[in-house]
Amino acid sequence: MDLLAGLNPQQRQAVTSWEGPVLVLAGPGSGKTRVLTHSIAYRIRQLGARPYSLLAVTFTNKAAREMETRVAGLLGEQIQGLTLGTFHGVCVRLLRREAEHLPFDSNFVIFDADDQERLVKQALRDLDIDEKLYRPGSVHGAISRAKNELLLPEDFPILSYRDEVVRRIYEKYQDLLIRSNGLDFDDLLLWTATLLDQVPAVREKYARRYEHILVDEFQDTNMAQYQLLRHLSSYHGNLYVVGDVDQSIYRWRGADYRNVRRFESDFPKVEVVLLEENYRSTQEILDAAMAVITPNRNRRHKELRAVRGTGQKLQFYEAYDDRSEAAYVVDRISTLVAMGRADPGDFAVMYRTNAQSRLLEEAFLHAGLPYKLVGAQRFYGRREVKDVVGYLRLVYNPADEISLLRVVNVPPRRIGQKTQAALRQQAERARMSAGAMLLELSRGEDSPFFEMFKGRTAAPLAVFGQLYAGWRRALPELTPLKLMDRILDDIGYETYLDTSSDEGLSRWENVLELRRLASEYEDRGLMAFLEDVALISDQDTLDEAGSVPTLLTLHAAKGLEFPVVFIVGLEDGTLPHIRSFDDPEAMEEERRLLYVGVTRAKDALYLVNAQNRTAFGYAEPTEPSRFLGDIPDDLLNGSVRLRRRDLLSRESAAQLRWDDGNGTAAAATRKYAAGMKVRHEVWGDGMVLNSRLQDGDETIDIFFEQVGLKRLAASLARLDIMER
DNA sequence: ATGGACAATGTTTTT
DNA sequence: CATTGTCCAT
């Protein structure tokens, strides 16, 4: 099979370029995956590279799997030894192998977002810091950002007293992690990058091994990933990256599209290949996409040319409210299916926030149509799943205190707050982990530690310790599935969930599903199972099977394509999201998000919004997304309502003022608008979430950084507008 | 220690 | 509004 057959000239150039740094700028639908897989195959087949010397990294397991299948399809069985996986997965393997250089041992567990937040809470409690002032979520965000920037606690930049405190929490957090023999997501990258940076022998070893390094979605790399790649390519220098700055949508996770430019300046002799031919969409869709993305700065212009030519116009629809928006989508889908114009599986409905899926789901349910949902209340995030996984993790790694605290009283076994604190305290005093202390206590009164506990507190601990010790003993001879069954049985989990109720039954079904997944690890063992469970992503859970419409966030849509796409909630405040209003960089990312959504569509695109949307329990009038105004009218069927702000300016301001009879002018125009930054004498700085006219006054909801959400009347509140 | 009732509190996106 | 935390009676 000719690896270059059927490729256009640019693709061909991209596939055959391999020496030194190569940057492939791949527009949407330009055959990016094809180029990557053929590149890998080309190096092995044409250049005689050993698979062992190749490293290919992606962001999701799904992308990795797809690449593996396609490369295998091109080469047959010649891919033994190829390193192909996600950044996180590759790092895990490397860290386990090189654990001797690190402050934890090779059977470390991986802490997911939920664990990370629990650990921050733990750190706050240990340091006796108020959770109200230092919200675990925001502290965790700061720590995560630091880690992505390769900043250790001692490097944490301090610009305020708050930073000082956060730095201390970070230090404690890191301490707790190491004590738990655990690494969080960010650590996987951070430790790998640090290890390669500081231990030359390790760096040499991998840098010499990987003659060819290929990277997918390069625009989404963060500093840690970037440095990691630099180190790994430091010997051979063959670093091949594929990306599209316009599709960078993970800034909040530390991704920095400027890595693309950084790459070009760090490697001056980089070869750049531009892929502009689009094989996916019609020209109308691409024209709309370009119109949306063009206002962004910091990008280089890219033509999107539809190989398929022109098709139909885009459809714009404005619904009265979010309910009828959902109804419209479902109605269009069922009509098109009934007319035989499309298959249910051809449709995708995309939205900015997960919360928007609910009404859509209800509409589908109401119409009796099946659908599938990507992400949102994910399987692995469900409580029962986390409980069972928590047990397995504890058995696997007694140092995992987060898992221990999670499961020690589930089902309730008289080990509440007080007893848990005592356990932790005694463990600390004896310089052992809480898990080890439990094992110790399983011996009952034979254990010297037994009487360290006050009154009867040791008794329930000893009871649980015995169960735990039993599992630990059984661990070497049991498969993950058998171990899980034994635990479920010992703790009476099915009874605890109460399968006679609907909710309990559905929870138990999730446990059974987890059982089914565990059954696939009979050979690979518990470590592999726990690792995969931790590193699975939303996009990985999307099964191709089943021809039904897909509901997903715009983020989850990246890398996918559908014949017919609906993008809903095209309103200011939703898309672009209100939280991005005050940050130009964030606003550009909102544009990219829409761009990603638009370019998923192959044949037809529906842009939908609602005149009223319910948020915080109130239906509020909306304004159309400002991005809609950038799409030329001649690409659209249906016209976009004039934004109220524009309307207002046309009417005379005088008409909108009146006197309330008491000599004070009541508000008839809104002085405040969503997104404004304001300052209050007492509550400090805040941001206006929304404002509306009510009973002759203006009512505003403001989110204050210090004190949270407040609703107040504009005529009474003493507010200064800091920024519009 | 537990469980239920009420209050507060908060909504972006997720490897 | 819907989830999460807190208080209080057992």
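Lettering of chains follows the sequences in order, A, B, ..., and the numbering in each one begins at 1.
- Partners of A/Glu117 according to the side-chain hydrogen bond (donor to acceptor under 3.5 Å, both in side chains) rule, which considers only residues two or more places apart in sequence or in another chain, do not exist here.
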Problem set entry | Test side chain to side chain donor-acceptor pair (under 3.5 Å) applied to A/Tyr371 and A/Glu361, step by step | CA-CA 8 Å; A/Tyr371 62 89; A/Glu361 287 187 80; 2.5 Å; yes
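- A/Asp256 has its CG atom 17 Å from the C1' atom of B/dT15, to the nearest Å.
- A cation-pi arrangement is absent between A/Arg258 and A/Phe263 under the rule of less than 6.0 angstrom and at most 45 degrees off the ring axis.
- Contact check, A/Asn354 against B/dT14: a side-chain N or O comes under 4.0 Å of OP1 or OP2.
- Computed from coordinates, the A/Asp130 CG to C/dT6 P distance equals 10 Å when rounded to whole Å.
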For nucleotides 1-8 of chain B, tabulate all protein N/O to nucleotide N/O atom pairs closer than 3.5 Å, reporting atom names and distance.
residue: B/dA1; atom: OP1; partner: A/Thr419; partner atom: OG1; Å: 2.5
residue: B/dT2; atom: OP1; partner: A/Arg413; partner atom: N; Å: 3.4
residue: B/dT2; atom: OP1; partner: A/Arg414; partner atom: N; Å: 2.7
residue: B/dT2; atom: OP2; partner: A/Asn409; partner atom: ND2; Å: 2.7

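- Nearest-nucleotide positions on DNA chain B place A/Ser580 closer to the 5' end than the other of A/Thr86 and A/Ser580.
- The CG atom of A/Leu594 sits 17 Å away from the P atom of B/dT13 (whole-angstrom rounding).
- For the pair A/Leu593 CG and B/dT13 C1', the computed distance is 7 Å after rounding to whole Å.
- Applying salt bridge (Lys or Arg N to Asp or Glu O under 4.0 Å) to A/Arg393 and the options A/Asp112, A/Asp387, A/Asp115 leaves one that passes, A/Asp115.
- Where stacking is scored as ring centres under 5.5 Å apart with planes under 30°, A/Tyr250 does not register as stacked on the base of B/dT14.
- Looking at heavy-atom distances under 4.0 Å, A/Lys121 makes contact with sugar-phosphate atoms alone, never a base.
- As a whole-Å value, the separation of A/Leu359 CG from C/dA2 C1' is 14 Å.
- Counting atom types as modelled, A/His88 pairs a side-chain N or O with a base atom of B/dT15 as donor and acceptor under 3.5 Å.
- Residue contacts for A/Arg592: at a heavy-atom cut-off of 4.0 Å it reaches no nucleic acid atom on any strand shown.
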Exercise. Where do A/Lys386 and A/Asp114 land on the salt bridge (charged side-chain N to carboxylate O under 4.0 Å, His left out) test, with the steps shown first?
Worked result: CA-CA 9 Å; A/Lys386 294 224 60 169; A/Asp114 188 60; 3.4 Å; yes
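- Looking at A/Asn222, A/Asp187, A/Asp186 one by one, the single match for side-chain hydrogen bond (donor to acceptor under 3.5 Å, both in side chains) with A/Lys147 turns out to be A/Asp187.
- OP1 or OP2 of B/dT14 sits under 4.0 Å from a side-chain N or O of A/Thr553.
- With ring centers used as reference points, A/Phe185 lies 6.0 Å or more from A/Phe111.
- Taking atom CZ on A/Arg145 and atom C1' on B/dT14, their separation rounds to 14 Å, with Å as the unit.
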